[in-house]
Structures are given as C-alpha cells and as structure tokens.
Amino acid sequence: GPPGSGAERLCSMVADRYLHADPPHFTFDQIVQDAMAAGTVAARKLTRKVNKLSKKPGAKLPLKMRTKLVHKRLMSNVCRFRGYILEGYPTTYEEAKALFTEKVLEEGEEEEAPEEEEDEVADAGAEDMEEGEEGEEEEEAPAPAEEEDEDEEGDGKPTFQLNKAVVPEFVVALHSKAEVCKTRIFSGLATRPSNEEEFALKTAEYYKANFTQDGTPGTADFFSEVAGAQVLQIDADASNETDAFQSLRVYLESRGQFFNYLKSEEERCRDLSLEVAHREREEDERARAAKAAQEAKESELRKATADYEADRRKNIADSEATHLENEVLPLRQYLMVNVVPTLSEGLAEICKEQPEDPIEYLAQYLFAHAQDIAGSLTEL
C-alpha cells in the first residue's frame, strides 16, 4: 500500500498471530541495514553507497542489488520453512518480477553458484555499484525499449519463470487516500516516512508505479496475473484496524489452518493462562517472603528495644543502690561507734539476769550508762 496506509501495524499483528516468537517480518530498509552491519568490506562499500544516495532525494540502489539483498533474506531457512512477511516491498511491477521470477536455463547452461554468505551478496552489490556508478538512476527509469526488443527478437531473449521458493502464497494490497495517509503518519498510527517531503516523494512514486493511465501493470497485477495469487484488497479508510485484521484472518485461513510447527490458539491460550497463574504465584511468594522478612525485622527490633530497656533499668538500679549505700555509710558508722557497743552490753546483761520485764530493764540499763555514751561523744 501507499506510505502511511498502516501496513506495518497489520503486518505486526499477522506476525504475532501466525509466526513464531521471533517472526521474520521484514522491510526493505531493515534488510539493507542488516547487510550494512555485516562488518565486511562489501558491507562498508554498501554503507558508503547508501550514504551517498541518501543525499539525493528519490535515488535508489540498483534494481539488481535490491533484488539480491531481498532474495538472500527470503532464501534463509527460517523464511522457507516458517514463512515470512515482507512489508512494503516490492513497490513496482519491475521489482516484483525481478525478485519472484528466475531465469529458465537453456540446455547445457550452468546455474549460477548460490550465494552462501551475506558477504557475497554485498560483494555482488558492490561490484554492481562500481560498474554502474553513473548509470544507476537511469536503471530506475522504465525501459519500454526492452519490451520492443522482446517482440522483435522473440526466442533470442532469455525466458523467466516463477520462483516458487520465494514467491508469497498470500498478498495483501492496502488502499488509502494520500490525505488520510498523511494524517495517519503524523498522528502516530503509521511510522514511515519520517517527514513531509519524503512522504510526498514516496507517495508520488507509488501512484506513478501502480495507478498509471496507460494501463501499465502495477505491483498487484504481477501477483494476480503472473504469480496466480488472489490479492486481498483492503480499503484502509473504510475499515478500522480490527476489521481489516479480521478480513486478513479469513483470507489467510481460507485454505485451511496453518501448520508451521506452531501451537494452536487453544494451546496458546492455555499457555498464556499457565504463564499468568505462574506469575501470580511468584508474586504471592514474593509478597509472603517480603511479609516474613518484615515481621522478622520487626521482631528483631522489638527484641533489641527490650534488651536495651532491660540494660537501662539495670544500670539505673545499680546507680541508685550505689547512691544509697554511699548515703547510708556515715549513719552506720555513727551507730557502730555510739549505740551498738552499749546496746550490745545491755542485751548481754539481759541474757545474764533474765529479768521479768526485759524492755524496762534495758531502758534502765541504757539510762544508767548514758553518761558513758555522752563521754564517748565528747571525746569524738
């Protein structure tokens, strides 16, 4: 679809629903970025070329190089055996033909060696760039003379056939007005292009390649006429995202349930429920552990507080006892010197005489010896 039609959101929903955990959902820009990040000499050449083209509005990499980069990615095992989603590419009939058709080999003609490493793809692209530095932009222009040559030369031209190893089984074309696409981009519902100038340029390129007045076939025409695919046409302006995805589901499952070694929807729901229950149990365990740790901390704090209070009380009691002892010492000394000796002698006399009234006897004894106590006090 045109830039801003919302293809990236629908592609992400399809990838999440039908592909594995790390779905091969690609855009051409992503494929180029991955190739430039390879860290090889060819990758560095590719980077320089992309940086150079970025300064020229509307300039593109050569068609042959674009085709090799995307073809290499689609021939990876994960794409061949698990499926892929290619978003926003091809954008023209020529790109689709170059990517999804292959040359029919003549008798005795040898097939080109397959490119096993990403470096070889970048190297091939680098060679194309070096050989055609000046004529790249001309390659992007339509070449009607080539069609005339096909009519004139006939069998002399190489023939091409559909490359079933990479051609998609399902094709979706989104339709949206330019004004709505622009609103969708700048409201955050679509991510590309990033500025108004780029949006206008890419929109013009898209409509020029797919809605010509002279009957030139567009991208969708290649898939319906050459690839024999039933192209699903979705009006992105007339349907919301949910309705569009529901139409996609019906279209994708029209030939039966997918079998790409993925779990069924019932299994996915069950696994999701188990995962939610597992997370809840983990949260409960963490909460219980946190509560137990808090209670243990509070218990230790209470014990420490109680021990501190007991030590404080003991220190206070010891201090008071020492203070009392220090205060009582002069009184004891006084009693031992002045009272205890006479009192002890009086008590001894009572034990010896055993009078009928010991209290009275003791009083008389103390009174009689009062002068002795007074004399000792005078001496002191």
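Just so you know, these numbers come straight off a predicted model, no measurement behind them.
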Are the charged groups of Glu309 and Arg312 less than 4.0 angstrom apart, N to O? yes
State whether Asp237 and Arg184 are salt-bridged, where the test is any N-O pair (Lys NZ or Arg NE/NH1/NH2 against Asp/Glu carboxylate O) under 4.0 Å. yes
With distance as the sole test, does Ser239 use its side chain to make a donor-acceptor pair with the main-chain N or O of Ala236 at under 3.5 Å? no
Which residues pass the side-chain hydrogen bond (donor to acceptor under 3.5 Å, both in side chains) test with Glu275, sequence neighbours left out? Arg279
To the nearest 0.5 Å, what is the distance between [atom1] ([X]) and [atom2] ([Y])?
{"X": "Leu162", "Y": "Lys97", "atom1": "CG", "atom2": "NZ", "result": "12.0 Å"}
{"X": "Asn163", "Y": "Lys103", "atom1": "CG", "atom2": "NZ", "result": "14.5 Å"}
{"X": "Thr92", "Y": "Tyr206", "atom1": "OG1", "atom2": "OH", "result": "11.5 Å"}
{"X": "Ser273", "Y": "Asp271", "atom1": "OG", "atom2": "CG", "result": "8.5 Å"}

Classify the ring geometry between Tyr89 and Phe28 as parallel (under 30°), tilted (30 to 60°) or perpendicular (over 60°). parallel
Donor + acceptor pair across side chains of Thr216, Asp214 (<3.5 Å): yes
CA sep, side-chain torsions, deciding dist, call: Val231, Asp221, side-chain contact (heavy atoms from CB on, under 4.5 Å): CA-CA 9 Å; Val231 180; Asp221 296 325; over 6 Å; no
Taking the side chain as every heavy atom from C-beta outward, state whether Thr101 and Gln161 have any pair of such atoms under 4.5 Å apart. no
By the side chain to side chain donor-acceptor pair (under 3.5 Å) test, which pairs, at least two apart or in different chains, include something from residues 296-305? Gln294-Glu298, Lys303-Asp307
